K.L.:
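Before we start, here is the structure in question, set down as structure tokens.
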Amino acid sequence: MHRDLALGGTMLALSAGYYWMAAAIPTSQLADAVGPQGLPRVYALLLGVVSLALIVTALRKRTQMPTTPGASDARPTDSAGSRPPVIRPTSPLWRVAGMLAIGVVYILVAPWLGYLFSIAAVILATVYYQGGALGRQAGAVALSGGIVLWLLFVVLMRVAQPPGWWPPLP
Amino acid sequence: MIGAFTAIVTTAIGPAAFAGVAWGILGGALPGISPSIAMALLLPFTYGMDPTIAIVLLASTYVGAEYGGSIPAILIRTPGTNAAAATVVDGYAMKEQGKAGEALGISLYSGVLGGMVGLVVLVLLTEPLSRVALAFTPAAYFALGVLGLSVIASVSGASLTKGLMAALLGLMIATVGTDPVSGVNRFTFGSPELLSGIPPILVMVGLFAVGELLAQAGEPGWQQAASGAARIRFPGSAMRKRIARPQAIGSVMGVFEGVMPGAGGTISAFLAYNEARRWSSHKKEFGHGSPEGIAAPEAANNTVACTALVPLLSLGIPGSNSSAILLGGFLIHGLIPGPTLFVNHPDIVNGLYTGLLAANLSLLVLGFVFMIPCLWLVNRPKPYLMAFVYAFVLSGVYAIEGSLFHVGVAIGFGPVGYAMRYFTVPFLPMVLGVVLGFMVESNYRRALVLASGDHMTFLQDSISAGLLGLAFVFVAGSAVRHGVDAIRRRRLARAAV
């Protein structure tokens with residue numbers, strides 16, 4: 001129930017912020033009767049209503065819920081049937097943040113280091129971060145993975161990837 | 001038919017179809033390489049080819065890519081194409097249960113069957129069905145989008161409120177970019193990269209793939225798939241019987257959506273999923289690894305791969321990005337699709353039909369061949385698997401428009417997906433909102449401009465009124481079902497106390 005309350009509150013704030021931004025969209029001489037602000041405002045209002053409904057439902061459930069020990073531990077499944085991750089005090093969130101950081105560093109580094117080495121570094125960093133041992137095997141897999149992906153995307157499919165500061169290959 | 005088989009064996013049509021399907025599966029299986037991108041990459045190579053072979057090569061790539069999108073959807077929870085988004089839910093759930101081989105077998109079998117149905121429809125009904133497409137007005141397209149959105153209630157899982165929340169978030173994301181009528185920039189924050197909006201594939205890759213990577217990173221306990229998952233399994237007779245109905249539903253949806261320019265495989269896959277669930281005697285299994293939940297959308301989007309050519313061949317109207325690339329293939333060789341094509345170049349049309357038959361037969365063989373290394377790959381140790389999924393996601397997303405900004409957007413949707421799991425908010429309504437948002441808004445406003453602001457235009461247009469009526473029936477049916485489920489849950493809770 002606390003989660004639903006938190007979700008409802010967050011979405012309510014989001015809807016208010018979105019409405020404010022939608023209202024600030026400039027009008028145009030070419031605009032139709034609905035205008036560029038029309039549907040965004042409607043979406044924001046609807047999200048506000050739905051968020052309030054979730055908050056009210058959560059509050060009602062909280063007052064009706066029997067105080068059975070352990071009842072709050074029940075984790076419902078989502079539509080895909082998978083259980084939501086349990087957020088433990090620190091470590092899982094840090095691990096999640098670390099995975100995101102690997103992606104962000106790739107974005108920052110790839111324009112300079114180039115695709116092949118950057119993607120090999122992503123593979124190596126992720127393997128290490130996920131508990132794999134850093135050694136010859138991991139290094140070889142990362143480098144060969146980088147080469148295979150470069151061959152696949154750049155050479156075979158002719159899809160451009162960040163070239164980096166390296167001179168172009170013939 | 002005998003002539004077609006002879007042509008496949010004795011001419012270059014067979015090898016061209018085989019090569020096109022192989023290329024398409026590879027492209028579709030890579031997140032970020034859409035069917036149209038895979039086809040566009042081939043386009044320059046078709047200049048010097050015989051026109052029939054060139055067209056067959058491109059059309060077969062489309063067939064292969066529509067199927068290929070389901071491979072990462074099932075194995076790594078990442079739809080390779082927009083149309084494969086509906087396959088993610090039950091496909092990945094089956095993979096988690098150690099039934100990846102069975103899920104892929106159902107997907108392949110349903111895809112081939114859908115493709116064959118689509119081919120028959122293409123050959124027999126191209127001319128009469130094209131009249132339906134011509135009758136579509138902006139009001140009808142708006143109603144079509146609303147019909148697509150009406151399945152939100154069915155894909156919302158236990159909480160309709162959270163499903164609506166997700167759908168509204170999706171619709172909000174779809175408003176980012178240049179306004180479709182006035183040209184005003186909305187929610188772009190001065191960024192030129194956002195002027196053309198946020199491509200739905202970025203949202204899907206972020207929610208499903210990056211979100212899954214983050215969730216896996218947060219859960220150290222890793223259950224590797226059972227060894228049985230390493231074997232591909234085609235559906236047995238009992239399973240074939242069970243999935244026959246969802247396949248038929250998917251094929252009908254694929255025909256319906258394919259002949260309408262702009263509708264595409266995504267809407268048909270979601271509608272097919274919704275209807276398969278409605279008519280299933282195993283409703284509770286949907287969302288938790290239902291074979292029917294794979295069969296229906298896969299049959300639908302592979303049917304569309306053929307029926308989407310109906311408006312192109314008969315009217316010269318490319319209804320999707322992929323058929324626009326195919327139109328480019330026709331134009332390169334001095335061919336103009338439309339009624340005159342059947343009169344002036346019947347050999348090209350017959351060659352295309354033969355090529356599509358060969359493509360669907362090739363799909364059966366190549367789908368099997370591709371699955372074996374794919375299944376082997378997903379059974380590697382967790383750190384290596386996650387590393388390669390991450391590398392594929394980063395590479396695939398960059399490939400869409402060569403933009404690291406897009407890579408950042410996809411990564412940015414990862415925490416959103418992670419939070420949605422935490423708060424048990426379903427993904428699919430959001431995907432529907434993102435995919436259909438632009439279509440709904442632009443056609444709603446265009447229809448009103450044409451009708452001088454009169455909302456009755458949506459009821460005066462017979463196709464629009466019919467589609468809106470159908471959407472109302474869908475929503476009402478789902479609302480009643482949710483209400484009945486809620487009452488049942490309340491009674492069970494009271495009985496437990």
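As the structure is a computational prediction, the values presented were derived from the model and not from experiment. Chain letters run A, B, ... following the sequence lines, proteins first, then strands; residues in each count from 1.
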K.L.:
When heavy-atom pairs shorter than 4.5 Å are enumerated against chain A, which of Val407(B), Asp179(B), Asn185(B), Leu171(B) gives the highest number?
P.N.:
Leu171(B)
K.L.:
Report, in residue-number order, which members of residues 446-454 of chain B are under 4.5 Å from chain A by heavy-atom distance.
P.N.:
Leu448(B), Val449(B)
K.L.:
Counting only non-hydrogen atoms closer than 4.5 Å, does Phe208(B) touch chain A with its backbone (N, CA, C, O), its side chain (CB onward), both, or neither?
P.N.:
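No part of it gets close to chain A.
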K.L.:
To the closest 0.5 Å, what do you measure between CG (Leu160(B)) and CG (Leu54(A))?
P.N.:
11.5 Å
K.L.:
Less than 4.5 Å apart, side chain to side chain, heavy atoms only: is that true for Met386(B) and Tyr129(A)?
P.N.:
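The answer is no; the side chains never approach within 4.5 Å.
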K.L.:
Name the member of Val104(A), Val141(A), Leu100(A), Leu46(A) that forms the most heavy-atom pairs with chain B at distances under 4.5 Å.
P.N.:
Leu100(A)
K.L.:
Could you tell me which portion of Tyr444(B) (side chain, backbone, both or neither) has an atom closer than 4.5 angstrom to a non-hydrogen atom of chain A?
P.N.:
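Only the side chain of Tyr444(B) comes within 4.5 Å of chain A.
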K.L.:
About how many Å separate NE2 of His406(B) and CD1 of Ile107(A), when rounded to the nearest 0.5 Å?
P.N.:
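Reported to 0.5 Å precision, the distance equals 11.5 Å.
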K.L.:
Where does Ala24(A) contact chain B at under 4.5 Å (heavy atoms): side chain, backbone, both or neither?
P.N.:
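Neither part; nothing is under 4.5 Å.
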K.L.:
Of the backbone (N, CA, C, O) and the side chain (C-beta and beyond), which part of Val184(B) lies under 4.5 Å from a heavy atom of chain A, both, or neither?
P.N.:
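Side chain only.
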K.L.:
Take Thr161(B) and Asp4(A) through the test side-chain contact (heavy atoms from CB on, under 4.5 Å) and record every step on the way to the result.
P.N.:
CA-CA 11 Å; Thr161(B) 312; Asp4(A) 284 359; over 6 Å; no
K.L.:
Quick one: does Ile25(A)'s side chain get under 4.5 Å of Phe187(B)'s, heavy atoms only?
P.N.:
yes
K.L.:
Could you pull out the closest heavy-atom pair between Gln130(A) and Pro383(B), with the gap in Å?
P.N.:
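Closest pair (atom of Gln130(A), atom of Pro383(B), distance): O-CG, 3.6 Å.
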K.L.:
Let's test your reading of the structure: which of Ala160(A), Gly132(A), Pro40(A) forms the most heavy-atom pairs below 4.5 Å with chain B?
P.N.:
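Result: the option with the highest number of such pairs is Pro40(A).
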K.L.:
Starting at CG of Leu93(A), measure out to CG of Leu214(B) and round the result to the nearest 0.5 Å.
P.N.:
10.5 Å
K.L.:
Do Leu26(B) and Leu152(A) touch side chain to side chain, with heavy atoms closer than 4.5 Å?
P.N.:
yes
K.L.:
For Asn274(B), which residues count as a side chain to side chain donor-acceptor pair (under 3.5 Å) partner, sequence neighbours excluded?
P.N.:
Ser154(B)
K.L.:
Tell me which of these, Leu164(B), Asp90(B), Leu394(B), has more heavy-atom pairs under 4.5 Å with chain A than the rest.
P.N.:
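The option with the most such pairs is Leu394(B).
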K.L.:
Quick one: OH on Tyr106(A) to OG on Ser395(B), what's the gap to the nearest 0.5 Å?
P.N.:
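So the gap between those two atoms works out to 5.5 Å.
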K.L.:
Show every side chain to side chain donor-acceptor pair (under 3.5 Å) that has at least one partner inside residues 163-176 of chain B, sequence neighbours left out.
P.N.:
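Residue pairs with at least one partner in residues 163-176 of chain B: Tyr18(A)-Thr175(B).
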K.L.:
So which residue, Leu47(A), Leu14(A), Thr27(A), ends up with the most heavy-atom pairs under 4.5 Å with chain B?
P.N.:
Leu47(A)
K.L.:
What's the separation between atom CZ in Arg186(B) and atom CD in Gln37(A), rounded to the nearest 0.5 Å?
P.N.:
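Atom-to-atom, Arg186(B):CZ and Gln37(A):CD are 10.0 Å apart.
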K.L.:
Begin with the C-alpha distance, continue with both residues' side-chain angles, and end with the deciding distance and a verdict on side-chain contact (heavy atoms from CB on, under 4.5 Å) for Met11(A) and Leu169(B).
P.N.:
CA-CA 9 Å; Met11(A) 288 298 119; Leu169(B) 286 175; 3.9 Å; yes
K.L.:
Would you please name every residue forming a side chain to side chain donor-acceptor pair (under 3.5 Å) with Thr457(B), sequence neighbours left out?
P.N.:
none
K.L.:
Output the option from Val34(A), Leu149(A), Leu124(A), Val122(A) having the highest count of non-hydrogen pairs under 4.5 Å with chain B.
P.N.:
Val34(A)
K.L.:
Look up atom CG in Leu7(A) and atom OG1 in Thr424(B), then write down how far apart they are to the nearest 0.5 Å.
P.N.:
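With rounding to 0.5 Å, CG (Leu7(A)) is 8.0 Å from OG1 (Thr424(B)).
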K.L.:
Is a side-chain donor or acceptor of Arg445(B) paired with a backbone partner of Asp32(A) at a separation under 3.5 angstrom?
P.N.:
no
